[in-house]
Amino acid sequence: MTDHRAAIAGVFDRAASTYDATGVDFFSLVGATLVEDAGLSAGDQVLDVGCGRGAALFAAADAVGPAGTVHGFDLAPTMVVLTAAEAADRGLANVQVEVMDAQEPTLPAAAYDAVLSSLVVFFLPDPLAGLRAWRAAVRTGGRLAITTFVGRNDERWSWLEDVFPDRDSGSSAEKDEEPDPFGSDESLHSLLAEAGFVDASSRVRAHVVRFENPEHWQRWSWSHGMRTFWERIPESARGDAWGAARRHLERMRDEPDGLSLRMTVRYTTATAG
C-alpha cells in the first residue's frame, strides 16, 4: 500500500480557508444528510472522523444538543484551527476538535454512541485498519454512518481527464492492484463486516451542484481534493490548463444543463456488532 496521508493532509491544509466556502452547496449538504441517516438522539456521544470544516460536525452538534458531545478530528491542522474557531463562535461548548490520524487514531474504547465520517474512508491507505479503530471506539450496538463516492460522476465532465491527465496517478485511494472495497455496496458491506460492523445498509443519492460561471468552478476546484490535480501541474503550465478548462466550461454554459455537476454519493449505515 502506498501511504499518501501526509500529502493528503497538506492538500487539505492549503485548501482549508476556502473549503466548503465558495458558495457551492455540496459538502455541508452531504454532511447534514449523513447525520439524518445516523439517527442521532439528544445526549448522544458522537465521534466525527475527518471532520474538515464541520459539514457533519455542526449538524451532529445540533442533533445531540447541549446534553450530548461531538468529538471531531482531522489530519489537516488548519482545518482543525478554523473549525474549532467556528465552534467557539457558535458557542458550542459540547464540541471538541483536534488533530488526529483517521487510520491510527488515539481514542478511548467504547466511548461513543455513534461514529460519523463523511467522504474520508477511501483516502486511507488501509481502510480496514481505520474502520477497526473506529469500531473499537464505539459501544456495542452503536452506529456507524459514512459516505463514499460511487464510481465516476457526471459524464459531461469527462473532459477533466484531458485537463488533468494524471488525475488517477498516485491517488490516495490507490490499493496496489487489490480489489476496490468501495466499488459496490456489497464490497463495502463486506469490509465493514470484517471490521466488526453488522447490518450494513447503503443508499445512493445524486446531488447536483451548480456554478455561476467558469471562474466560480475554478475557485471551487481549488477548495477541496481536486486541488491535488491543479498542484500536480507545473505552475508555468497552469495557465494553459485553465485556458483549456475554461473553453469546456464556456461550451457547457450554452447546454441545457448549464454549469451543473452531478455528484453521486453512497450513504452507508451499520451497527457495531
Side-chain angles (χ1 to χ4, degrees), residues 27 29-52 54-64 68-75 100-151 172-173 175 178-207 263-273:
F27 295 108
L29 173 61
V30 172
T33 304
L34 181 65
V35 169
E36 290 179 7
D37 285 357
L40 302 181
S41 300
D44 277 351
Q45 316 297 302
V46 178
L47 179 67
D48 182 12
V49 178
C51 63
L57 184 91
F58 295 125
D62 288 342
V64 304
T69 63
V70 183
H71 176 195
F73 66 83
D74 200 281
L75 195 56
M100 198 181 297
D101 187 339
Q103 184 170 299
E104 301 175 89
T106 303
L107 297 166
Y112 302 97
D113 299 298
V115 178
L116 312 174
S117 188
S118 189
L119 303 176
V120 171
V121 66
F122 48 80
F123 281 117
L124 304 184
D126 187 348
L128 178 58
L131 286 164
R132 281 174 169 161
W134 308 354
R135 168 60 190 90
V138 68
R139 301 180 179 101
T140 299
R143 286 145 289 163
L144 172 77
I146 62 175
T147 51
T148 52
F149 286 114
V150 180
S172 56
K175 297 298 180 291
E178 294 181 12
D180 180 7
F182 309 107
S184 68
D185 291 359
E186 293 75 18
S187 59
L188 176 56
H189 296 173
S190 177
L191 180 70
L192 294 177
E194 193 172 354
F197 293 98
V198 299
D199 301 327
S201 175
S202 292
R203 175 180 177 180
V204 173
R205 295 180 174 98
H207 301 287
M263 306 280 280
T264 309
V265 178
R266 178 190 293 113
Y267 293 77
T268 303
T269 57
T271 301

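Quick note: numbers below take in every heavy atom, side chains included, and nothing from hydrogens, waters or symmetry partners. Treat the numbers as computed from the prediction; the structure is a model and nothing was measured. Heads up: numbering here begins at 1 and tracks the sequence.
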Between A145 and T269, which heavy-atom pair has the shortest distance, and what is it?
CB-CG2, 4.2 Å
Grab the two heavy atoms, one from V138 and one from Y112, that are nearest each other, plus how far apart they are.
CG2-O, 3.2 Å
Which heavy atom of A102 sits nearest to which heavy atom of V120, and what is that distance?
CB-CG1, 4.4 Å
If you look at every heavy atom in V150 and V265, which pair is closest and at what distance?
CG2-C, 3.9 Å
Please confirm whether the backbone N or O of S187 pairs with a side-chain atom of S184, one donor and one acceptor, at under 3.5 Å?
yes
Do the side chain of T33 and the main chain of L29 share a donor and acceptor less than 3.5 angstrom apart?
yes
Check step by step if side-chain contact (heavy atoms from CB on, under 4.5 Å) holds for T271 and F197.
CA-CA 5 Å; T271 301; F197 293 98; over 6 Å; no
Looking only at non-hydrogen atoms, find the nearest pair between F122 and F182 and report the distance.
CA-CE1, 3.5 Å
Got F58 and V70 here, is their nearest side-chain heavy-atom distance under 4.5 Å?
no
Scan D185, I146, T147 and name whichever one has a side-chain contact (heavy atoms from CB on, under 4.5 Å) with R266.
D185
Measure from the side-chain N and O atoms of D48 to the backbone N and O of L57, and report whether any donor-acceptor pair falls under 3.5 Å.
yes
Could you tell me if the side chain of M263 sits less than 4.5 Å from the side chain of F149, heavy atoms only?
yes
Just how far is it from atom CG of L188 to atom OG1 of T148, taken to the nearest 0.5 Å?
5.5 Å
Say you draw a straight line from CD of Q103 to CH2 of W134; how long is it, rounded to the nearest 0.5 Å?
9.5 Å
Could D44 and R143 be called an ion pair, given the rule that one side-chain N must be under 4.0 Å from one carboxylate O?
yes
From S118 atom OG to Y267 atom OH, the distance as rounded to the nearest 0.5 Å:
7.0 Å
Under the side-chain contact (heavy atoms from CB on, under 4.5 Å) criterion, do L191 and L128 qualify, and how do the steps go?
CA-CA 7 Å; L191 180 70; L128 178 58; 3.9 Å; yes
Apply side-chain contact (heavy atoms from CB on, under 4.5 Å) to residues L107 and M100 and explain how you reach the verdict.
CA-CA 10 Å; L107 297 166; M100 198 181 297; 3.9 Å; yes
Rounded distance (nearest 0.5 Å) linking atom CZ of R135 with atom CZ of R139:
11.5 Å
A200 and L192: which non-hydrogen atoms are nearest, and at how many Å?
CB-CD1, 4.0 Å
How many angstroms lie between atom OG1 of T264 and atom CZ of R205, to the nearest 0.5 angstrom?
12.5 Å
Within the distance-only criterion (no hydrogens, no angle test), does the side chain of Q45 pair as donor or acceptor with the backbone N or O of A111 below 3.5 angstrom?
no
